[in-house]
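Structure record follows, encoded as C-alpha cells.
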Amino acid sequence: MNTKKKALPIRLPHAEVLSSIVGPLLTWYEGQSTLRCLPWREEVTPYHTWLSEIMLQQTRASAVIPYYTRFLEALPDIESLARCDDELLMKLWQGLGYYSRARNLKKAAGVICQEYGGKLPADFAALLELPGIGRYTASAIGSIAFGLPLPAVDGNILRVTMRVLQCGEDIAQPAVRRAVEEALAPYYPSGQAAGALNQAFMDLGATICLPHGAPHCAACPLARLCLAHDAGSEQQLPVKSKKAKRRVEQKTVLLLHQGRALALTKRPNKGLLAGLWELPNLPGHLTQAEVEAWLAARGLRTLTIARLPDARHIFSHVEWQMQGWAVELASPDAMVAEDASPLVWASPEELADTYSIPSAFQYFLHEHHG
DNA sequence: GATGCGTGGCT
DNA sequence: TAGCCAAGCAT
C-alpha cells in the first residue's frame, strides 16, 4: 500500500451561504464606489488594470498610487513598456519592492506584442501563461477588464470568506485558496458585475472586514449572514500559520565620496534586490582599521573617514544590521583590484535620476545629503 | 507545499 | 517595540 498521505481536497463548511452574499455585496459596492477614488478605476483599460494589479500585489493602494501615475506618464501603452530601457523601468519601480514584478511586466509586454498583436488576451489560461501573472491576477484582469466570471482570490476574499463561513482552515495553505476559488466560482456573474464583485470584496476587506483590530461589523453589508459575527469569533479568524523566523545579517556599508561623486556597485542579477544599485558593502561589522585596509587594498586613498549612525533594514525574510562609514577619497582613484566588484562614480544628479537604489540604503544616502 | 522575494503602516 | 499584514508569483 502507498503509505503517503494523499492530500484531500479542502471542504468548506456551510459553503451554500456564499450564494447569498453576492447581492448584498454588489449593492453595497455600488453605493460606496465613490468613496474610494483610485486612479486605476478612472479609465479602465486592460493595460491599466494589468499594471495596477501587478503593483498592488502585496502592496497597499496608498503606496501604489504615485507609482502608478508616474509609470503611465513614462510608459503610456504596452508597446512603450515592451521597448523601454531597463534602467528607466527599475527607476520607475524604485522603492516599491518585489522588483521582479517590474521585470516580468516588461517580459510579458514583449510576449503580448509578439503573440497577441499588442493587446492582452481576454482569456484566463492565456493570461496565466504571461510572466508575473498567477491565478489571482489573471482573474482580476479577466473580470475587471473583460467581464469574465472569475473569483480573484486574494487575502481580502480569503479573510471575508473564512469569516462568513466561520471556517478555521489555514489560509496559508494554497489548497485553501483553491477551495475558496471553487466555492465562489458558481455564483460569479459575467460582465461588468464580475469585476465589481471582486472589487467589492477587496474594498470590504480594506475598509470593513479588517485584518487586525476590531472589524467594523456594524457597517458590514454581510453582518446578518456572517457565521463568525453570529458566533462572535470574527477576531479569531482567519487562521494563518506562522512563517519561519527571519535570519539576521550584519553589514558594513561604505559611503565613498570622490569630490561630488559617490561610489555605487550593481547587485547580482539573481536573488535579493537583483540588478539594483547599492552602496559598496561588506559582510560583518568591520573596525575602522579593517575598512581602511580594504580601501587600501583596492588602491583607494583615504583622506578622511568617519562613522555614520547605525541602521537596520527589515525585509520579509532577512534583517540587515548595518554599520556605516563615510569616506573622503583622494581623486582620481587608482584602478580597482580584479576581485572587487567595479565601482561606478555617480553625480548627485545621476543618483537622483538614473540609478535605482533600494530603500535599504536610503538611511545612509540621507546622511550623505543632510 | 515551502521558501524567497521589499517596503511601509498598523497595533 | 516586535510582529503582523497588504489587491501574490516563481521556483
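Here the structure is a predicted model, which means the values were calculated and not measured. Quick note on labels: first sequence line is chain A, next is B, and so on, each numbered from 1.
When each of A/Leu264, A/Leu300, A/Leu262 is paired with A/Leu343, the side-chain contact (heavy atoms from CB on, under 4.5 Å) condition holds for A/Leu300 and for no other.
OP1 or OP2 of C/dA7 sits under 4.0 Å from a side-chain N or O of A/Arg159. The phosphate of B/dC5 has OP1 or OP2 within less than 4.0 Å of a side-chain N or O from A/His317. Between A/Gln58 and C/dA6, a side-chain N or O to OP1/OP2 separation shorter than 4.0 Å is absent. The phosphate of C/dG3 has neither OP1 nor OP2 within less than 4.0 Å of any side-chain N or O from A/Lys242. Checking the phosphate oxygens (OP1, OP2) of B/dT7, a side-chain nitrogen or oxygen of A/His313 falls inside 4.0 Å.
Residue A/Gly213 is classed as having no contact, given no heavy-atom separation below 4.0 Å to the nucleic acid. Using a 4.0 Å heavy-atom distance criterion, A/Thr137 is classed as a sugar-phosphate-only contact. Among the atoms of the strands shown, only primed sugar atoms or phosphate atoms (P, OP1, OP2) are found under 4.0 Å from some heavy atom of A/Gly271.
For A/Ser359 against B/dG6, a side-chain-to-base donor-acceptor contact under 3.5 Å is absent. Scanning atom types as modelled, one donor and one acceptor separated by under 3.5 angstrom connect the side chain of A/Thr59 and the base of B/dG6.
When the P atom is used for both C/dA7 and B/dT11, the distance is 15 Å, rounded to whole Å. Comparing the P positions of B/dT3 and C/dC4 gives an interatomic distance of 15 Å, to the nearest angstrom. When the P atom is compared between C/dC9 and B/dG8, the two are found 22 Å apart, to the nearest whole Å.
Within residues 92-99 of chain A, the residues approaching DNA chain B are A/Gly95, A/Leu96, A/Gly97, A/Tyr98, A/Tyr99, by heavy-atom distance under 4.0 Å. Of the residues in residues 160-170 of chain A, not one places a heavy atom less than 4.0 Å from an atom of DNA chain C.
Across the protein-nucleic acid pair, A/Leu158 atom CG and C/dC5 atom C1' stand 13 Å apart, rounded to whole Å. Rounded to an integer number of Å, the gap from CG of A/Leu273 to P of B/dC5 is 9 Å. Rounded to a whole Å, the CG atom of A/Leu56 is 11 Å from the C1' atom of C/dG8. Per the geometry, CD belonging to A/Glu319 stands 9 Å off P belonging to C/dG3, to the nearest Å. Whole-Å rounding puts the A/Arg177 CZ to B/dG1 P distance at 12 Å. Atom C1' of nucleotide C/dA7 and atom NE2 of A/His48 are separated by 18 Å, given to the nearest angstrom. Between the C1' atom of C/dC5 and the CG atom of A/Leu210 lies a distance of 12 Å, rounded to the nearest Å. As a whole-Å value, the separation of A/Leu130 CG from C/dG8 P is 19 Å.
Comparing A/Val318 and A/Ser62 along DNA chain B, the residue whose closest nucleotide (by nearest heavy atom) sits nearer the 5' end is A/Val318. Map A/Pro211 and A/Ala138 each onto its nearest nucleotide of DNA chain C; the residue landing nearer the 5' end is A/Pro211. Nearest-nucleotide positions on DNA chain B place A/Ala244 closer to the 5' end than the other of A/Gln57 and A/Ala244.
No side-chain heavy atom of A/Thr49 sits under 4.5 Å from any side-chain heavy atom of A/Phe146. Under the 4.5 Å side-chain criterion, counting only non-hydrogen atoms from C-beta, A/Lys91 is not in contact with A/Asp353.
Listed by chain and number, the residues in a side-chain contact (heavy atoms from CB on, under 4.5 Å) with A/Pro131 are A/Asn104, A/Lys107, A/Ala108 (sequence neighbours excluded).
Across A/Ile208 and A/Cys220, no two heavy atoms sit closer than the pair CG2-CB, 3.6 Å. Taking all atoms of both residues into account, the shortest heavy-atom contact from A/Leu150 to A/Ala138 is CD1-O, 4.3 Å.
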Exercise for the section: Step by step, work out the side chain to side chain donor-acceptor pair (under 3.5 Å) result for A/Thr137 and A/Gln57. Expected result: CA-CA 9 Å; A/Thr137 305; A/Gln57 288 169 4; 3.0 Å; yes
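Under the 30°/60° scheme for interplanar angles, the aromatic rings of A/Phe315 and A/Trp320 are found to stand perpendicular.
The side-chain tip of A/Arg267 does not point at the ring of A/Trp277 from less than 6.0 angstrom away and within 45° of straight on.
Proximity note for A/Asp154 (side chain, C-beta onward) versus C/dA2, C/dG8, C/dA6: the nearest is C/dG8. Checking C/dC5, C/dC9, C/dA7 against every side-chain atom of A/Asp203, the shortest atom distance belongs to C/dA7. Set against B/dG9, C/dC9, B/dG6, the side chain of A/Arg60 has B/dG9 as its closest nucleotide.
In this structure, A/Tyr68 has its ring center closer than 6.0 angstrom to the ring center of A/Trp40.
Using a 4.0 Å cut-off between charged nitrogen and carboxylate oxygen, A/Glu349 and A/Arg260 count as a salt-bridge pair.
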